[in-house]
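To start, the structure under review is shown below, and the notes come after it.
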Amino acid sequence: MSMITIKNLSYQYPIVETDVLHDINISIEKGEFYAVIGSNGAGKTTFCNVIRGFIPHFYKGDLRGEILIEGKDIRDWELGDLSQKIGYVFQNPFTQISGVKETVFEEIAFGLENLGLEVEIIKEKVENVLKMLEIEYLQEKNPFELSGGQKQRVALASIIVMEPDILVIDEPTSQLDPQGTEEVFKIIELMKNKGKTIILVEHKMELIAEYADRIILMQDGKVVKQGLTKDILSDEDTLQYGSALPQYALFGIEMRNQNMDLGSIPLTEKQSISVVQQWMKKEGLA
Ligand SMILES: Nc1ncnc2c1ncn2[C@@H]1O[C@H](COP(=O)(O)OP(=O)(O)OP(=O)(O)O)[C@@H](O)[C@H]1O
Ligand SMILES: [Mg+2]
């Protein structure tokens, strides 16, 4: 089922003379995990802002084409309803902090309070999310006294606690170390396993290769490639659109170029080991 249907979407920011997004066509399916990739300035954040209705509800500009969220035109959605349907985690975690709450616990509870839920239910939901993201130790801290990585986790928690059907997450790991980054991907996978639809902007190809179902590759405001992760990230052609490939795929491609065909291009460490083992057997090397 298509959660988000986009047809011939173009967009021009106010004042700017040229379009920033050009004729985008895409269908986002329920329960799938999409990674949006592409170089700086490709239009990834702008694209996310269209999906979550920030464009056109806040940013005016000139929006053309059709954007349907669960079949209903985005212009006809109330922004309040839309923000319950689509949780958005900002590229900059500092932007997400409300500034009106004194502890992390209250910060995460803030959105639920606004929905007018009972205190007991709010407490239970916040406690569950604190546990899931392993940030219980932060609950009494002031949100402004957190490190960048801690802020990113609290920002993610404050969205997950709202249980939106669609999660749009813009570079959630920029402030995190490798371990923290892997943990965030595991949390996102958990969300996917709960049936959520995920749209994640990320640059870390090895992790995208491991976790994402599908890729949306953007360049200069266009979607230049879209499809299954295994197809897009194993294709040398992807490199010409300003995107990187996982190092395992580069290894596989280089082997093939050296006339050592592994049979398929691996994307992950596990796949690399397996194709190399098979190749060595075939070559009589093992
Ligand atoms: N509010 C704005 N008004 C006018 N132009 C903007 C605005 N925000 C972004 N742009 C321009 O739109 C283009 C796309 O920017 P966007 O932030 O969507 O790219 P991005 O792919 O998210 O980049 P990054 O990887 O650096 O986050 C850039 O050329 C940027 O300068
Ligand atoms: Mg961006």
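Whatever order the structure lists them in is the order used to number ligands and atoms, beginning at 1.
- Other residues, nucleotides and ligands contribute more than 12 heavy atoms inside 6.0 Å of the CD atom of Glu113.
- Residue contacts with ligand 1 include Tyr59, since one or more of its heavy atoms lies under 4.0 Å from the ligand.
- Contact check for Val154 versus Gln96: no side-chain heavy atoms found under the 4.5 Å cut-off.
- For the residue pair Gln152 and Ser174, a side-chain donor N or O sits within less than 3.5 Å of a side-chain acceptor on the partner.
- Taking all heavy atoms of Gln12, Glu171, His203, Lys44 into account, the minimum distance to atom 21 (O) of ligand 1 is reached by Lys44.
- Given atom 14 (C) of ligand 1, the protein heavy atom at minimum distance is Gly41 O, 3.5 Å.
- Remark: Asp165 does not engage Lys30 in a salt bridge, criterion side-chain N to carboxylate O under 4.0 Å.
- In terms of protein heavy-atom proximity, atom 17 (O) of ligand 1 is nearest to Thr45 CB, 3.8 Å.
- Donor-acceptor pairing under 3.5 Å is lacking for the side chains of Glu107 and Ser158.
- The shortest N/O to N/O separation between Val16 and ligand 1 does not fall below 3.5 Å.
- Using modelled atom types, one finds a donor on one side chain and an acceptor on the other under 3.5 Å when comparing Glu182 with Tyr211.
- The protein non-hydrogen atom at the shortest distance from atom 18 (O) of ligand 1 is Thr46 OG1, 2.5 Å.
- Under a 4.0 Å N-O distance rule, the pair Arg256/Asp261 does not qualify as a salt bridge.
- Using a 4.0 Å threshold on non-hydrogen atoms, atom 2 (C) of ligand 1 counts as touching the protein.
- Using a 3.5 Å distance cut-off with no hydrogens or angles, the side chains of Thr45 and Asp170 do pair a donor with an acceptor.
- Without hydrogens or angle criteria, Ser243 side chain to Thr238 main chain gives no donor-acceptor distance under 3.5 Å.
- Looking from atom 11 (C) of ligand 1 to the surrounding protein, the closest heavy atom is Tyr13 CE1, 4.0 Å.
- In summary, Asn40 places no N/O/S atom under 2.8 Å from the Mg ion (ligand 2), failing the contact criterion.
- Atom 27 (O) of ligand 1 has as its closest protein heavy atom Gln91 NE2, 2.9 Å.
- Note on Gln91: counted as a metal contact of the Mg ion (ligand 2), an N/O/S atom lying under 2.8 Å.
- Nearest non-hydrogen protein atom to atom 24 (P) of ligand 1 is Asn40 ND2, 3.6 Å.
- Neither side chain, Lys141 nor Thr103, offers a donor N or O lying under 3.5 Å from an acceptor on the other.
- By the 3.5 Å distance cut-off applied to N or O atoms, Val20 is not counted among the residues near ligand 1.
- Heavy atoms of Met218 stay at 4.0 angstrom or farther from ligand 1.
- Within a 4.0 Å radius of atom 31 (O) of ligand 1, the protein contributes no non-hydrogen atoms.
- Given atom 19 (O) of ligand 1, the protein heavy atom at minimum distance is Gly43 N, 3.3 Å.
- Using 4.0 Å as the threshold, Gly38 has no heavy atom nearer than that to any atom of ligand 1.
- With ring centers used as reference points, Tyr59 lies under 6.0 Å from Tyr13.
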